[in-house]
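Working notes, beginning with the structure itself.
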Amino acid sequence: MANSDSTLPVPASAASPLSARKENVVPASSKIKELTESRQELLNRIQSLKTDLQSWRYKLDGQVKVYRDELSDLKKSLNVEVKQLRSEFQELKTTLQQQQEDVTNSLKNLGLQDASEETKEAEDVKPDNNEDTAQDLPKDNGKDTEE
């Protein structure tokens, strides 16, 4: 019987834990390999995204600089134009004030001349009116007397 015990094959339950360990090791190593590859792909994607982001930031900074420069130039240009317009308006204001003073002086001079001319004309008209009336009256009187 002892011989029969030693010749007996090894039970399947005893052999299966060893084979199960080997089977578990293979899937675990393949899983580790897959995870490592997946990790590497993710790291590559992250690096690519970082590079894209840096490129985008660089381009954006360039555009911002260009726009700031353009705005600065526009601001300078507008300031120059505003100064020029202020100067032109000041000149216009001065010219208008001078013209207004000239017109006022001319009107005063015309007003004085008109007043003196009106006085002369009034004096000239009064004797003319008196002469006309005096001439008309005798004619009427002469007609009345002739009748």
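Keep in mind that what you see is a predicted model, and the values were worked out from it rather than measured.
A distance of 11.5 Å separates NZ of Lys31 from OG of Ser29, quoted to the nearest 0.5 Å. Once rounded to the nearest 0.5 Å, the distance linking CD of Gln100 with CG of Leu107 reads 10.5 Å. Distance CG/Leu43 to OG1/Thr36: 10.5 Å, rounded to 0.5 Å. To the nearest 0.5 Å, atoms OG1 (Thr95) and CD (Gln90) are separated by 9.5 Å. Atom CD of Glu81 is separated from atom CG of Leu74 by 9.5 Å, given to the nearest 0.5 angstrom. Note that CZ of Arg39 is 10.5 Å distant from CG of Leu35, once rounded to the nearest 0.5 Å.
A heavy-atom distance below 4.5 Å is not found between the side chains of Val80 and Lys76. Considering only heavy atoms from C-beta on, Lys59 stays 4.5 Å or farther from Gln63 through its side chain.
Between the side chain of Ser106 and the backbone N or O of Asp102, at least one donor-acceptor pair lies under 3.5 Å.
Hydrophobic clustering (ILVMFWY, side-chain heavy atoms < 4.5 Å, transitive): Leu53 and Leu60 are in one cluster.
Considering Thr51, Asn44, Leu49 as possible partners of Gln47, the one that fulfils the side-chain contact (heavy atoms from CB on, under 4.5 Å) test is Thr51.
Looking only at atom types and distance, the side chain of Glu101 has no donor-acceptor partner in the side chain of Asn105 under 3.5 Å away.
A salt bridge between Asp61 and Lys65 is absent, with no side-chain N of the basic residue lying under 4.0 Å from a carboxylate O of the acidic one.
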